[in-house]
Protein chains: 2
Amino acid sequence: MNAPVSTPISAPALTKNQSLVFDVLDRSDAPMSAYTILDRLRDHGFRAPLQVYRALDKLLEFGMVHRLESLNAFVACAHPESECCGKGHGHGHGTVAFAICESCGHVSEFHDHEVDHRLSDWAKTKNFKPAKTTIEIRGLCGACAA
Amino acid sequence: MNAPVSTPISAPALTKNQSLVFDVLDRSDAPMSAYTILDRLRDHGFRAPLQVYRALDKLLEFGMVHRLESLNAFVACAHPESECCGKGHGHGHGTVAFAICESCGHVSEFHDHEVDHRLSDWAKTKNFKPAKTTIEIRGLCGACAA
DNA sequence: ATCAATTGCGTTATGCTATAACGTGTGTCA
DNA sequence: TGACACACGTTATAGCATAACGCAATTGAT
Ligand SMILES: [Zn+2]
Ligand SMILES: [Zn+2]
Ligand SMILES: [Zn+2]
Ligand SMILES: [Zn+2]
């Protein structure tokens with residue numbers, strides 16, 4: 001009784017652990033580390049980091065969660081149904097950027113075609129084959145900079 | 001006898017530890033983790049991670065070294081005397097991007113005005129005050145993709 | 001039906017990355 | 001001389017991530 005179960009949540013059916021991890025992230029208004037997620041889920045039977053990391057790996061693969069490299073933390077995807085960049089279905093999306101407030105922790109996820117194209121062009125001229133691009137702006141959000 | 005000593009290397013005089021760490025990074029053709037640097041410097045009296053991290057902090061502050069967030073590793077700056085973006089003196093430079101080969105480890109550092117401006121513009125319209133921007137492209141370099 | 005391959009799960013142990021806290025020595029500038 | 005800033009060395013600890021084992025359930029041939 002460990003197989004994925006249909007949920008109202010999204011494209012690929014999530015297993016119980018995957019759902020739990022995603023829900024915690026989705027309800028959070030700031031990025032969370034794997035160990036913080038673990039602590040939030042002790043009451044649901046989570047005991048070890050691997051339970052979290054395995055769920056996160058899948059959620060990352062599904063595009064439902066993003067990893068913030070400069071924070072070693074994770075956020076739920078904030079633009080699930082974007083139609084842009086020719087990837088219409090579900091969570092599929094191209095390169096995305098994050099603005100991270102270092103005061104309140106709030107994260108804005110956005111996409112910019114022009115940035116994407118410039119980086120792609122650079123790669124083309126250099127014969128570099130991009131696999132994954134990370135763009136993270138750390139700073140202060142409007143509310144905190146006031 | 002612990003104070004910075006004038007060297008032929010760059011703008012701010014480096015201390016002995018800072019020089020040792022910078023030299024190791026500068027000679028390397030791939031990013032290095034702090035602990036790898038530590039191991040390279042055992043013969044020079046390094047015994048603890050803090051010796052490396054403290055030197056790295058200063059080198060980062062001087063702009064002589066960059067941290068690759070997606071790798072938890074460090075590289076020597078590859079465009080020390082750039083005149084672009086109105087920051088003419090020494091190592092000062094604006095936002096920079098990295099293309100990281102996941103096969104051979106080679107890193108290309110570059111700057112793109114347009115990308116910089118697009119991200120700045122986004123920040124302005126959102127009233128976000130950027131402090132530091134990370135752009136890292138992981139993939140395969142021309143040589144390795146062949 | 002049965003077997004093999006795949007996937008998810010739980011546990012223990014381990015490794016890698018980074019910082020806290022303490023004390024020492026040295027150069028600078030009243 | 002004394003206050004201060006700063007680089008340094010050491011020990012201990014905190015935080016992030018994975019290796020390796022074995023078990024259970026599902027899937028999809030044969
Ligand atoms: Zn997203
Ligand atoms: Zn804020
Ligand atoms: Zn640089
Ligand atoms: Zn390569």
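Throughout, a chain's letter reflects where its sequence line sits, starting with A, and its residues are numbered from 1.
- A single hydrophobic cluster is not seen to contain both L140(A) and I100(A); linkage of ILVMFWY side chains at heavy-atom distances under 4.5 Å, directly or through other members, places them apart.
- Partner of R67(A) under the side-chain contact (heavy atoms from CB on, under 4.5 Å) criterion, chosen from L56(A), L59(A), N72(A): N72(A).
- A close approach under 4.0 Å does occur between a side-chain nitrogen or oxygen of N72(B) and OP1 or OP2 of dA18(C).
- When rounded to the nearest whole Å, the span between CG of L14(B) and C1' of dC8(D) equals 16 Å.
- Counting to the nearest Å, the C1' atom of dA17(D) and the CG atom of L71(A) are 16 Å from each other.
- The T15(A) side chain lies nearest to dC9(C) when the options are dC9(C), dA17(D), dC16(D).
- Residues of residues 47-56 of chain A that place a heavy atom closer than 4.0 Å to DNA chain D, in numerical order, are L50(A), Y53(A).
- If you measure from atom CG of L20(A) to atom C1' of dC9(C), you get 13 Å, rounded to the nearest angstrom.
- Rounded to whole Å, atom P of dA17(D) lies 10 Å from atom CD1 of I37(A).
- Atoms CD (E69(B)) and P (dA18(C)) sit 9 Å apart, rounded to a whole Å.
- Not counting sequence neighbours, the partners of P130(A) by the side-chain contact (heavy atoms from CB on, under 4.5 Å) test are A123(A), F128(A), I137(B).
- For the residue pair E136(A) / S70(A), a side-chain donor-acceptor distance below 3.5 Å is found, with atom types taken as modelled.
- The CE-C1' distance, from M32(B) to dC16(C), rounds to 15 Å in whole Å.
- Between the two ends of the helix from dA1(C)-dT30(D) to dA30(C)-dT1(D), each summarised by a five-pair axis, the helix axis turns through 30° (rounded to 10 degrees).
- Within 6.0 Å of the CZ atom in R27(B), the count of heavy atoms belonging to other residues, nucleotides or ligands does not exceed 12.
- A pairwise comparison of heavy atoms in A145(A) and K129(B) identifies CB-CG, 3.6 Å as the closest pair.
- The distance between atom CG of L38(B) and atom P of dG15(C), rounded to the nearest whole Å, is 16 Å.
- A salt bridge is absent between E114(B) and R118(A); no separation between the charged side-chain nitrogens and carboxylate oxygens falls under 4.0 Å.
- Ring-to-base geometry does not place Y35(B) in a stacked arrangement with dC16(C) (centre distance under 5.5 Å, plane angle under 30° required).
- Between F74(A) and H66(A), the gap from one ring centroid to the other reaches at least 6.0 Å.
- For dA7(D), one of the phosphate oxygens OP1 or OP2 lies less than 4.0 angstrom from a side-chain nitrogen or oxygen of K58(B).
- By the criterion of side-chain heavy atoms lying less than 4.5 angstrom apart, applied directly or through intervening Ile, Leu, Val, Met, Phe, Trp or Tyr residues, V115(B) is grouped together with F110(B) in one hydrophobic cluster.
- In this structure, L41(B) atom CG and dG9(D) atom C1' are separated by 15 Å, rounded to whole Å.
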